[in-house]
Amino acid sequence: MSTVVLCPYTVEWSASFSEVREELLVAFAPFKVVVEHIGSTSIPRLLAKPVIDVLLGAGSLSDIVSKIKTLEGLGYVYVAKYERDLPTRRYFVKSKSGSLRVHLHAVESGSRIWREHLAFRDALRADPALVSQYAALKLRLAAEFANDKSAYTAAKAPFIQGVLSVASSEGDVG
């Protein structure tokens, strides 16, 4: 079991994402990809685990798979075991200097996973009250599941689904 550690928002997360984005755009050439900052570190004023979550949208999963060796050369570790649960995503982890990590979620642009991640992020960015609610939930769950990141993540799911349900009814997720 690993410990849940939440940190106050810092603009350094945005700067770290920008570096990762540039690295990925070069790594995926000549393929056209879109690279988005998602997760709690992408939401100003929201506390988060020190992990930069990155959503990479490619034209196809085969484009992503063809770049696994390139990504591994850049320090990304391909984690195939999660494909059982999410067969349309390729997942990579990279440890950065210090305690900051990168989680790369590589999917087809426009896929359901793509749309949901962006809808959740955008809903939080647009609504300070929603950010406050999510922060309070995260703090409570971090205390409750301090030594179980998986349980912490699972316990956030109802909130996330509720936000996505509202976004879907507003036409932000399809």
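Because the structure is a prediction, the values reported are computed rather than measured.
- Summarising the local packing, CD of E83 is surrounded by more than 12 heavy atoms from other residues, nucleotides or ligands at distances under 6.0 Å.
- With hydrogens and angles left out, the side-chain atoms of D63 and S60 include a donor and acceptor closer than 3.5 Å.
- In this structure, R125 and S42 have side chains that are in contact, with non-hydrogen atoms separated by less than 4.5 Å.
- Heavy atoms only, all atoms of each residue included: I43 and G39 are closest at CG1-O, 3.8 Å.
- Contact of the Y152 side chain with the L6 side chain is registered, since non-hydrogen atoms from C-beta on lie closer than 4.5 Å.
- Here the closest heavy-atom approach between residue L100 and residue S16 is recorded as CD2-OG, 3.4 Å.
- The minimum heavy-atom distance linking K67 with A29 is given by the pair NZ-O, 2.8 Å.
- Side chains of V107 and L55 form a contact here, defined as non-hydrogen atoms less than 4.5 Å apart.
- A distance-only check finds a donor-acceptor pair linking the side chain of R121 to the backbone of H37 [under 3.5 Å].
- Shown here for K138 and S40, the closest heavy-atom pair between the two residues is NZ-OG, 2.5 Å.
- Looking at every heavy atom in both residues, G110 comes nearest to R115 through O-NH1, 2.5 Å.
- L74 places a side-chain heavy atom less than 4.5 Å from the side chain of E23.
- In this structure the side chain of F92 reaches within 4.5 angstrom of the side chain of I68, judged on heavy atoms.
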Go through Y134 and V131 one step at a time and tell me if the side chain to side chain contact (heavy atoms under 4.5 Å, CB included) criterion holds. CA-CA 5 Å; Y134 194 41; V131 172; 5.8 Å; no

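- Two residues are said to be in side-chain contact when any heavy atoms from C-beta on lie closer than 4.5 Å; Y76 and V102 meet this criterion.
- Distance CD1/I38 to CD/E116: 11.5 Å, rounded to 0.5 Å.
- Proximity of W114 to V34: side-chain heavy atoms (C-beta onward) are separated by under 4.5 Å at one or more points.
- Here the CD atom belonging to E108 is positioned 14.5 Å from the CZ atom belonging to R89, to the nearest 0.5 angstrom.
- The backbone N or O of L164 sits nowhere less than 3.5 Å from a side-chain atom of S168 that would complete a donor-acceptor pair.
- Separation of atoms CG (L104) and CD1 (I52) is listed at 12.5 Å; rounding is to 0.5 Å.
- Of the possible donor and acceptor atoms, none in the side chain of R21 sits under 3.5 Å from a partner among the backbone N and O of V54.
- The line from OG1 of T88 to CG of L86 is 6.5 Å long, rounded to the nearest 0.5 Å.
- In this structure, Y9 and T41 approach most closely via the heavy-atom pair CE1-O, 3.6 Å.
- Put simply, the side chain of R101 never gets that close to the backbone of K94: no donor and acceptor are under 3.5 Å apart.
- In this structure, K149 fails the cation-pi test against F145, since its NZ or CZ atom is not both closer than 6.0 Å to the six-membered ring centre and inside 45 degrees of the ring normal.
- Of the residues L24, I64, V77, the one that meets the side-chain contact (heavy atoms from CB on, under 4.5 Å) test with L71 is L24.
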